[in-house]
J.: 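Before we start, here is the structure in question, set down as structure tokens.
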Amino acid sequence: MDEKIIVGSEEWLGFPSLGIPAIKARVDSGAKTSSLHADNISTFKRNGTPWVTFEVHPLQNNRRTVVRCEAAVVDRRNIKSSNGTTEKRYVISTQLSAGEHSWDVELTLTNRDSMGYRMLLGREAMRHRMLVDPAESCNLGLISKDQLKAHYGSHEQPQDGLKIGILASNPKLYSNQRLMEAAAEHGHQVTFLNMRHCYMKMDAEEPEIHYRGGRLLNDLDAVITRIRPSMTFYGCALARQFESMGIYTTNTSTAITQSRDKLFSLQLLIKKGLNIPTTGFANSPIDTSDLIDMVGGAPLIVKLLEGTQGSGVVLAETRKAAESVINAFKALHANLLVQEFVKEANGKDLRCFVIDNKVVATIQREAAPGEFRANLHLGGTASVVRISQEERKLALDAAKTLGLKVAGVDIIRSSKGPLLLEVNSSPGLEGIETATGKDIAGMVITSIEKKLRWKKPA
Ligand SMILES: Nc1ncnc2c1ncn2[C@@H]1O[C@H](COP(=O)(O)OP(=O)(O)OP(=O)(O)O)[C@@H](O)[C@H]1O
Ligand SMILES: [Mg+2]
Ligand SMILES: [Mg+2]
């Protein structure tokens, strides 16, 4: 061929012999081989030679449209993916159609979804045929929604609702009850998944998650990740496994992991220019006095890095008290931070509930008399409150910085303006739903429906 086809960074391609007339590919000359996102891969023999059968979801963010394909296996190869891991993949050879042209290419089958693209076009398939202009996109033409409907309408699986799992610990908890209720109310099939009863098969080609008794959890559409702090390590491993199987998670394993590390997340937030109370962190007991000065002296707050629901937060009213609390915690080898005490907050703080980059509800929590911690578990009371633009922006920036789609952002009102206290990746629903009367659980479900482009059947 003399004239080379100029392609952009993404293109609509087709694999006629696989029954896939249109699929949007990420053009990636950095990758050697091309890959196709395939599910439920299994092998069989035809006339004595190895074949594979697999399912392709040809449309991005849509797992309802399924095309079952078959192809002869030409090889099994170790492929290094962009995240550095190597997996053994089946290789097939099939005709690629690109605009007016077509030729045979090799494709590796992987069940790893690379940023929503169902296929990656690597340089081997492009060689001598294509040139890439990374500034362009869809040079070979756009495919309309109607065309896609005509291609794939008959491949849409009838579905009454999404299959949603709630990955958590306690099915009796108000938040989990409400999420299950809301999912069912929206017409979905919902299952409570106790993290302790999930176990996984670490396999590059066929990763699996099993549930107590051996039930396979691979066909879920979405998992609502409600991982309690004490289960962060295992819970995030499970979330990661679901993600690697192409299952949508509300908060991703990465976002949860980093938001659980209080110190790390404070560093990330500060780097983004978000305001927090003046905070110090140390390890050796020698410098206690300077550490206290660093945050402006007593009264000050000492926080255990692993504390939750207010349990690890202490107010030291005097310098002497501060020294003894810090030294006591240090002797226990607990990680702690010291923080300026925001006295003018008067035992109040704000909890902003963020979903998909929107503050959907906010409450003000007020500490019980004689208490400075506003946690509802410590007897604090919740009330509806209006927040300022600045507070709203702080909450949204915080959730975004940590990559959380669902977050409870705690803000304290100081004389210097709003200061960020912390960001929770599994915010409780009881206090905020009760005080505001809003259906927050329903909003979480709606957010999943939007992400998966699910529409209520007429
Ligand atoms: N620097 C501070 N100045 C004044 N009050 C504070 C300060 N830090 C925390 N508080 C109060 O103490 C409460 C608990 O603190 P914080 O939210 O940091 O820890 P936590 O509640 O134990 O953590 P988690 O919310 O993860 O369970 C806050 O809600 C707030 O009312
Ligand atoms: Mg808190
Ligand atoms: Mg916290």
Side-chain angles (χ1 to χ4, degrees), residues 173 175 226-232 251 256-266 269-270 274-281 291-292 294-317 322 325-326 329 334-354 362-383 385 391 394-395 398-399 402 404 406-432 435:
L173 209 66
S175 303
R226 303 272 319 174
I227 299 167
R228 58 163 61 157
S230 61
M231 286 292 283
T232 304
N251 274 334
I256 299 170
T257 308
Q258 76 183 9
S259 69
R260 278 293 154 74
D261 183 336
K262 267 195 196 185
L263 194 59
F264 180 44
S265 51
L266 286 182
L269 296 164
I270 289 165
L274 308 187
N275 292 327
I276 66 162
T278 307
T279 302
F281 179 77
L291 188 62
I292 292 172
M294 196 165 77
V295 300
L300 58 75
I301 299 273
V302 184
K303 291 186 190 182
L304 282 179
L305 236 49
E306 283 81 30
T308 58
Q309 297 178 344
S311 62
V313 182
V314 179
L315 168 62
E317 312 239 24
V325 174
I326 294 170
F329 278 162
N335 284 315
L336 60 93
L337 47 86
V338 291
Q339 197 165 67
E340 129 196 37
F341 175 50
V342 184
K343 189 165 189 289
E344 63 274 24
N346 265 324
K348 292 184 191 137
D349 72 2
L350 302 174
R351 158 60 60 93
C352 302
F353 206 103
V354 178
T362 305
I363 46 171
Q364 181 170 62
R365 299 179 297 195
E366 184 166 2
E371 172 62 68
F372 74 98
R373 296 164 296 182
N375 301 63
L376 301 180
H377 286 93
L378 296 176
T381 49
S383 58
V385 69
E391 287 160 346
L394 183 60
L402 300 180
L404 293 167
V406 177
V409 182
D410 294 349
I411 290 174
I412 193 162
R413 286 176 163 163
S414 84
S415 52
K416 295 178 278 186
L419 302 175
L420 197 62
L421 276 186
E422 62 165 349
V423 186
N424 289 284
S425 58
S426 295
L429 299 180
E430 186 166 12
I432 200 149

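Only a predicted model underlies this, so the values are computations on that prediction, with no experimental measurement involved. Atoms within each ligand, like the ligands themselves, are counted from 1 in listed order. Just the heavy atoms: all of them, side chains too, but no hydrogens, waters or symmetry mates, feed the values below.
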J.: Answer yes or no for K262: is there a heavy-atom contact with ligand 1 below 4.0 Å?
T.: yes
J.: Considering I301, N375, L419 one by one, which has a heavy atom nearer to atom 2 (C) of ligand 1 than any of the others?
T.: I301
J.: Report the part of R373 in contact with ligand 1, treating N, CA, C, O as backbone and CB onward as side chain, heavy atoms under 4.0 Å; options are side chain, backbone, both, neither.
T.: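 For R373, the contact with ligand 1 is made by both the backbone and the side chain.
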J.: Measure V342 to ligand 1 on non-hydrogen atoms and call it side chain, backbone, both or neither using the 4.0 Å cut-off.
T.: both
J.: Closer than 4.0 Å to some heavy atom of F372 - which atoms of ligand 1 meet that?
T.: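 What qualifies from ligand 1 is 11 (C), 31 (O).
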J.: So do L266 and F281 actually touch side chain to side chain, heavy atoms under 4.5 Å?
T.: no
J.: Tell me, please, if E422 has any N/O/S atom, main chain or side chain, under 2.8 Å from the Mg ion (ligand 2)?
T.: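 Yes.
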J.: Please could you name the atoms of ligand 1 that E422 approaches to less than 4.0 Å, counting only its heavy atoms?
T.: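 Ligand 1 atoms under the 4.0 Å threshold to E422: 16 (P), 17 (O), 19 (O), 20 (P), 21 (O), 23 (O), 24 (P), 25 (O), 26 (O).
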J.: I want to know if ligand 1 touches E340 in the polar sense, i.e. an N/O pair below 3.5 angstrom.
T.: yes
J.: Mind listing the closest non-hydrogen atom pair of F264 and Q258 along with its distance?
T.: CE2-CB, 3.6 Å
J.: For ligand 1, which atoms sit closer than 4.0 Å to a heavy atom of F341?
T.: 3 (N), 4 (C)
J.: Between V354 and A395, what is the shortest heavy-atom contact and its length?
T.: CG2-O, 4.2 Å
J.: Does a side-chain heavy-atom distance below 4.5 Å link P418 with N275?
T.: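 No, too far: nothing below the 4.5 Å cut-off.
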J.: Which of the numbered atoms in ligand 1 are under 4.0 angstrom from any heavy atom belonging to I412?
T.: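 Those qualifying, in numeric order: 3 (N), 4 (C), 5 (N), 6 (C).
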J.: What's the shortest heavy-atom distance between R413 and L350, and which atoms?
T.: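 Smallest heavy-atom distance, with atoms named: NE-CD1, 3.7 Å.
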J.: For L315, which part has a heavy atom under 4.0 Å from ligand 1: side chain, backbone, both, or neither?
T.: neither
J.: Counting only nitrogen or oxygen atoms and a 3.5 angstrom limit, does A374 reach ligand 1?
T.: yes
J.: So do K416 and E340 actually touch side chain to side chain, heavy atoms under 4.5 Å?
T.: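 Yes, their side chains come closer than 4.5 Å.
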J.: Among K262, R373, R351, K348, exactly one meets salt bridge (Lys or Arg N to Asp or Glu O under 4.0 Å) together with D410. Which residue is that?
T.: R351
J.: Using the test side-chain hydrogen bond (donor to acceptor under 3.5 Å, both in side chains), find all partners of S425 that sit at least two apart in sequence or belong to another chain.
T.: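 In terms of side-chain hydrogen bond (donor to acceptor under 3.5 Å, both in side chains), with neighbours along the sequence ignored, S425 is linked to R260.
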J.: By number and element, which atoms of ligand 1 are closer than 4.0 Å to a non-hydrogen atom of N424?
T.: 25 (O), 26 (O)
J.: Just jot down the side-chain hydrogen bond (donor to acceptor under 3.5 Å, both in side chains) partners of E344, sequence neighbours excluded, or say none.
T.: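 If we apply the side-chain hydrogen bond (donor to acceptor under 3.5 Å, both in side chains) test to E344, skipping adjacent residues, the hits are S415.
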